[in-house]
Amino acid sequence: MQEQYRRPRGTQDVLPEASERLEALRRLTRGVTARYGYGEIQTPVFEQTAVFVDGVGEGTDIVQHERYTFTDAGGVSLTLRPEGTAAVARAYVEHNMATWPQPVRLYYWQPMFRRERPQAGRFRQHTQYGIELVGSEHFSADAEVIAVGVRILAEVGKAPQVLVNSMGDEVCRPRYREALVSYYTDHFEALCEDCQARLRINPLRLLDCKRDVGLKAGAPDIADYWCEACRAHFDGVTALLGAMDVRWTRDSGLVRGLDYYHRTVFEIQDPALGAQSTLIGGGRYDGLANRVGAAGRTPGVGFGAGAERLLLTLPPEYGQNRRPRVFVARVGDGQDAFLCAEQIRRAGLAADVDVMGRSLKAQMKDAARRAAWVVIAGGREWAEGRAPVRDLASGSTEEVALGDLVGYLAERVGADRP
RNA sequence: GUGGAUGUAGCUCAGUUGGUUAGAGCGCCAGGUUGUGGCCCUGGAGGCCGGGGGUUCAAGUCCCCUCAUUCACCCCA
């Protein structure tokens with residue numbers, strides 16, 4: 001086959017079935033989030049490039065290699081949104097949300113763009129659902145955010161395991177970082193190529209190495225370097241998780257790649273996904289708002305969840321509640337059928353009608369694929385004020401007076417009406 | 001960006017040591033039933049065998065390049 005035009009690499013056409021799944025998930029997240037008091041925010045698909053460069057951090061992969069950046073006709077550098085938090089922080093500052101009653105609870109459901117090499121569960125455009133709890137420094141805010149993530153997964157039938165860690169703060173992180181660098185510098189020769197680079201660029205990520213040759217075990221643990229405040233914060237968060245019966249484990253190697261993270265970081269994974277196992281990832285970002293122009297200290301916690309990735313872990317029937325529809329089959333010229341379908345729709349039910357000019361037999365065949373009930377319009381019975389209504393599941397046909405037709409169908413299609 | 005695997009009909013695949021007009025199942029359309037689906041039967045549409053180049057009398061089959069998909073690394077949702 002000759003295909004001249006193809007969708008860009010790593011993007012997807014969301015066809016009706018997938019669309020329904022996505023929409024079902026969106027409804028679910030919206031419902032859960034609303035119960036926790038979060039309001040939706042929608043930010044532009046693109047921002048001034050500086051929002052992400054300053055917000056996410058110059059040294060991160062996201063801004064270094066994965067940006068979709070362009071210059072518009074006015075010479076302004078714009079970047080397609082690669083992640084949600086920096087944009088929300090920008091909006092928080094721009095709209096003076098610091099003057100709103102604190103904390104401010106926001107959630108978003110938006111497409112994100114990163115120029116990565118696609119693979120299972122990783123796309124160049126994906127939909128991310130995320131929440132941000134801005135304005136509270138208290139550990140219970142972290143626990144609430146994690147609870148929302150756990151709740152979402154529980155509602156789709158998962159019993160999630162939460163990985164938590166603390167990256168420390170401006171007091172203790174530098175001390176730890178120093179210890180880590182000195183430890184790995186002593187073992188420089190044993191490090192893989194990537195890790196030798198990490199040592200310079202982002203030493204904390206050394207802990208992430210998957211080709212570790214046993215160095216990790218002897219590496220200093222950040223928990224031993226936490227200052228009193230960070231330790232208390234971590235204990236507070238995990239105590240609340242425990243009290244909620246959330247299964248959590250501390251992962252001393254869990255570090256997130258974005259510069260704005262501070263103290264709590266967490267991930268919720270699903271091993272079914274292979275390499276891209278992180279369903280939800282997030283943490284606390286107390287300094288972020290300042291990076292994008294906030295005057296005072298504006299703490300915050302949040303997470304992002306990949307919608308398509310989450311869908312990959314759900315059974316195919318998720319979100320596929322096929323609603324019974326009514327099919328109006330045509331006998332004769334078709335005007336009766338066409339108008340009958342209109343009547344049914346006006347009553348709030350879903351109805352299909354043949355627009356192919358097919359034979360009755362072909363219409364029946366078609367109806368069997370897309371409907372649960374068939375009304376035959378325009379024939380002998382119709383002329384006498386009745387219509388045969390066939391139940392495709394049982395195969396039985398009943399004749400219904402035209403005046404009662406809509407009511408008859410409404411009663412049977414009932415709760416399944418769209 | 002790096003490495004591996006895979007590209008034949010809408011889908012899943014077959015195509016023998018390179019050899020005439022490239023096949024199957026499912027799906028789709030129509031007919032068998034001038035007014036009735038699911039089973040069955042018959043017929044039909046639909047392929048420059050991902051693209052380009054090369055070797056050969058001859059290439060879906062061999063070689064090179066390229067593009068795409070996919071898995072892993074990297075990174076992340």
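Values in this document were obtained by computation on a predicted structure and should not be read as measured data. Naming: A, B, ... by sequence-line order, numbering from 1 per chain.
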For [N], does either OP1 or OP2 sit under 4.0 Å from a side-chain N or O belonging to [X]?
{"X": "A:R7", "N": "B:A68", "result": "no"}
{"X": "A:R358", "N": "B:C29", "result": "yes"}
{"X": "A:R6", "N": "B:G51", "result": "no"}
{"X": "A:R117", "N": "B:C71", "result": "no"}

Rounding to an integer number of Å, can you tell me how far [X] [atom1] sits from [N] [atom2]?
{"X": "A:D352", "N": "B:G37", "atom1": "CG", "atom2": "C1'", "value": "15 Å"}
{"X": "A:R122", "N": "B:C75", "atom1": "CZ", "atom2": "P", "value": "10 Å"}
{"X": "A:Q119", "N": "B:A5", "atom1": "CD", "atom2": "P", "value": "17 Å"}
{"X": "A:E132", "N": "B:A77", "atom1": "CD", "atom2": "P", "value": "11 Å"}
{"X": "A:M364", "N": "B:C39", "atom1": "CE", "atom2": "P", "value": "14 Å"}
{"X": "A:Q269", "N": "B:C75", "atom1": "CD", "atom2": "P", "value": "15 Å"}

Practice item. Answer yes or no for A:R412 and A:Y408: cation-pi contact, defined as NZ/CZ to six-membered ring centre under 6.0 Å and angle to ring axis within 45°. Key: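 Flagged: A:R412 positioned over aromatic ring of A:Y408.
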Point to revise | Given RNA chain B, 5'-ward residue of the pair A:Q125 and A:R390, judged by closest heavy atom | key: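 Checking each residue's closest nucleotide, the 5'-ward one belongs to A:R390.
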**Study point:** Heavy-atom closest contact (A:T85 atom, A:Y108 atom, distance)
**Key:**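 The answer is N-OH, 4.2 Å.
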Review point. Can A:R30 and A:Y129 be counted as having a side-chain donor-acceptor contact under 3.5 angstrom?
Key: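 Short answer, no.
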Exercise for review: Answer yes if the side chains of A:T238 and A:R250 hold a donor-acceptor pair under 3.5 Å, and no otherwise.
Suggested key: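 Not at all, the side chains of A:T238 and A:R250 share no donor-acceptor pair under 3.5 Å.
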Review point. Under 4.0 angstrom, heavy atoms only, what part of the nucleic acid is A:F303 near: base, sugar-phosphate, or nothing?
Key: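 Touches nothing.
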Exercise for review: Flag as yes if A:H126 stacks onto the base of B:A77 (centroids under 5.5 Å, planes under 30°), otherwise no.
Suggested key: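 Yes, A:H126 stacks on the base of B:A77, since the ring centres sit under 5.5 Å apart and the planes are within 30°.
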